[in-house]
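The structure appears right after this line, and notes come after that.
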Amino acid sequence: MVTKYAVLRQVSRYLRPLQANSCPTMCTNEIPEKRPTWIETCPRFEVFYDGSFGSQLLFAVRCKALSVNRRTWRWNEGNTRLCLQCNRGVEETVEHLVLECSKYEQERESLMDVVHEQCGENKWNARCVEEDSGVRYLVGLDEECNMTVVDAMKDFLVYAWNKRQGG
């Protein structure tokens, strides 16, 4: 019969610290001078993930996982990369959904009102020339993250996604 003391002895053997000379490649008593590089690249805590549907959509946009036709054309019913919302014959990307698609023009106007109020029209136009067309700023990935703009973007994504789903 195994007693609880025998089990504790077995477990404590695994919990004891290893001796430095017993495993020289893995165990040393030295503290590393510099933090590992993966710690420096860990994502920062973001306050705008509040569990709402807008936060879920924002997360999907930031991870490049939003279910737009450019990403899902292989397994969706339409089997096309083109935007089926505006029928302009362009690929449906996140940039197209946020900045170009005519179906979401009304929602985009309220988003752009907030953006122009927060960062100014000239600064926004300068951002649009960049490679990402300003989407990094809208989703809070830019260094100059503005919570008001991110909240407006979450609202835009919810309205646009509901309209897209026919709701």
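What you see is a predicted model; the values in this text were computed from it and never measured.
- With values rounded to the nearest 0.5 angstrom, Arg88 atom CZ is found 14.5 Å from Lys103 atom NZ.
- The CZ atom of Arg127 sits 6.0 Å away from the SG atom of Cys119 when rounded to the nearest 0.5 Å.
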| said: Set out, in order, the CA-CA distance, both residues' side-chain angles and the distance that settles side-chain contact (heavy atoms from CB on, under 4.5 Å) for Val150 and Val139, then state yes or no. | reply: CA-CA 6 Å; Val150 173; Val139 298; over 6 Å; no

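- Within the 4.5 Å cutoff, side-chain heavy atoms of Val98 are placed close to those of Met153.
- Side chain of Lys163 to main chain of Tyr104: no donor-acceptor pair is present (N/O by atom type, distance under 3.5 Å, no hydrogens or angles).
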*asked:* Assess the residue pair Asp50 and Lys154 against the criterion (side-chain contact (heavy atoms from CB on, under 4.5 Å)); give the C-alpha distance rounded to whole Å, side-chain angles, the decisive distance to 0.1 Å, and a yes or no.
replied: CA-CA 11 Å; Asp50 56 6; Lys154 287 184 349 186; 3.5 Å; yes

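- Side-chain atoms of Arg136 come within 3.5 Å of backbone N or O of Leu141 as a donor-acceptor pair.
- When Val114, Asp151, Leu111 are each tested for a side-chain contact (heavy atoms from CB on, under 4.5 Å) with Phe156, only one passes: Leu111.
- To the nearest 0.5 Å, atoms CD (Glu95) and CG (Leu97) are separated by 10.0 Å.
- The 12-atom threshold is exceeded at CD of Glu105, counting heavy atoms of other residues, nucleotides or ligands nearer than 6.0 Å.
- A donor-acceptor contact shorter than 3.5 Å links the side chain of Arg108 to the backbone of Cys101.
- Under a hydrophobic clustering in which Ile, Leu, Val, Met, Phe, Trp and Tyr are joined whenever their side-chain heavy atoms come within less than 4.5 Å, directly or via other members, Val94 and Tyr159 fall into different clusters.
- With a 4.5 Å cut-off on side-chain heavy atoms, Leu138 and Leu99 count as touching.
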task = Begin from the C-alpha positions of Met112 and Trp124 and carry the test side-chain contact (heavy atoms from CB on, under 4.5 Å) through to its verdict.
result = CA-CA 9 Å; Met112 288 303 135; Trp124 171 250; 3.7 Å; yes

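- With no hydrogens or angles considered, no side-chain donor-acceptor pair links His96 and Glu92 at under 3.5 Å.
- Using a cutoff of 4.0 Å between basic side-chain nitrogens and carboxylate oxygens, Arg70 and Glu91 are scored as salt-bridged.
- A cation-pi contact links Arg164 to Trp161, judged by a cut-off of 6.0 Å to the six-membered ring centre and 45° from its axis.
- Within the model, atoms CD of Glu107 and CG of Asp155 stand 11.0 Å from one another, a figure rounded to the nearest 0.5 Å.
- Note on Val158 and Val135: same hydrophobic cluster, where clusters join Ile, Leu, Val, Met, Phe, Trp and Tyr whose side-chain heavy atoms are under 4.5 Å apart, directly or indirectly.
- The structure places CZ of Phe53 at 9.0 Å from CG of Leu157, a figure rounded to the nearest 0.5 Å.
- Here the OH atom belonging to Tyr137 is positioned 6.5 Å from the CD atom belonging to Gln118, to the nearest 0.5 angstrom.
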